[in-house]
Amino acid sequence: FNISVRTNLLDRSAVIGWVTDEFSDSMVRYSTSESFGADVKVVANTNMTKNHELTIDNLSIGTLYYFEVRSKDAAGNIGVSSTGRIFLSI
């Protein structure tokens, strides 16, 4: 995946975007643990699209977050990105 990340310090949020070659759903898993431990959270949208964009809200300033994007097409094929990082700094 070619992933874009736009952060908004005032809203303490990040918008994660990516493009797929087939229509698929959208999911972002994120956590303060690189292994996506017990604190893992999920933002998802089941609408089938090629242009994906999800917003993660209520991020803490000064905390490193790890994320991965996932998309599943109508045939059930799942694509998973490598792990990315988000850090909001003053």
- line: Heavy atoms of N51 and V19 approach each other most closely as OD1-CG2, 3.5 Å

task: Kindly compute the distance separating OG1 (T32) from CD (E34), expressed to the nearest 0.5 Å.
output: 11.5 Å

task: Establish whether V40 and L59 are linked, either directly or via other cluster members, by ILVMFWY side-chain heavy-atom contacts under 4.5 Å.
output: no

query: Is there a donor-acceptor contact under 3.5 Å linking the side chains of N45 and S26?
result: no

message: Check this for me, if you would: do K72 and E22 make a salt bridge, where the nitrogen-to-carboxylate-oxygen distance has to be below 4.0 angstrom?
response: no

message: Hydrophobic clusters here meaning ILVMFWY residues chained together by side-chain heavy-atom distances under 4.5 Å, can you tell me if L64 and L9 are in one?
response: no

- prompt: Going through the checks in order, is the side chain to side chain contact (heavy atoms under 4.5 Å, CB included) test met by T83 and F36?
  reply: CA-CA 10 Å; T83 302; F36 296 96; 4.0 Å; yes

message: Are the side chains of D57 and R12 in contact, using a 4.5 Å heavy-atom criterion?
response: no

message: On the six-membered ring of Y66, is R85 placed so that its NZ or CZ lies under 6.0 angstrom from the centre and within 45° of the ring axis?
response: no

field: Residues, nucleotides or ligands: over 12 heavy atoms within 6.0 Å of D39 CG
entry: yes

message: Please check this pair: side chain of R70 against backbone of M27, looking for a donor-acceptor N/O pair closer than 3.5 Å.
response: no

message: Hydrophobic cluster membership, with links at side-chain heavy-atom distances under 4.5 Å among I/L/V/M/F/W/Y: are V80 and V28 in one?
response: no

task: List the steps, then state whether side chain to side chain contact (heavy atoms under 4.5 Å, CB included) holds for I86 with I56.
output: CA-CA 10 Å; I86 303 168; I56 301 172; 4.1 Å; yes

task: Just jot down the side chain to side chain contact (heavy atoms under 4.5 Å, CB included) partners of K50, sequence neighbours excluded, or say none.
output: T20, F23

task: Look at the aromatic rings of W18 and F1 and report parallel, tilted or perpendicular, splitting at 30° and 60°.
output: perpendicular

query: Which atom names give the shortest non-hydrogen contact between G37 and S31, and what distance separates them?
result: N-OG, 3.9 Å

query: Should Y30 and I61 be counted in the same cluster of Ile, Leu, Val, Met, Phe, Trp and Tyr side chains packed under 4.5 Å apart?
result: yes

task: With side chain to side chain contact (heavy atoms under 4.5 Å, CB included) as the test, would you mind laying out the steps for T49 and N47 before giving the verdict?
output: CA-CA 6 Å; T49 185; N47 293 335; 5.7 Å; no

message: Set out, in order, the CA-CA distance, both residues' side-chain angles and the distance that settles side chain to side chain contact (heavy atoms under 4.5 Å, CB included) for F87 and T63, then state yes or no.
response: CA-CA 6 Å; F87 184 75; T63 301; 5.9 Å; no

field: Heavy-atom pair of closest approach, residues R29 and V42
entry: CG-CG2, 3.9 Å

field: Co-membership, hydrophobic cluster, residues L54 and I3, 4.5 Å side-chain
entry: yes

task: Grab the two heavy atoms, one from I16 and one from V69, that are nearest each other, plus how far apart they are.
output: CG2-CG1, 3.6 Å

- request: Check for a donor-acceptor pair, side chain of D73 on one end and backbone N or O of N77 on the other, with a separation under 3.5 Å.
  value: yes

message: Looking at every non-hydrogen atom in both residues, tell me the closest pair between S71 and H52 and how far apart they are.
response: OG-CE1, 3.7 Å

message: Any side-chain to backbone donor/acceptor pair from Y65 onto G84? Under 3.5 Å, distance only.
response: no

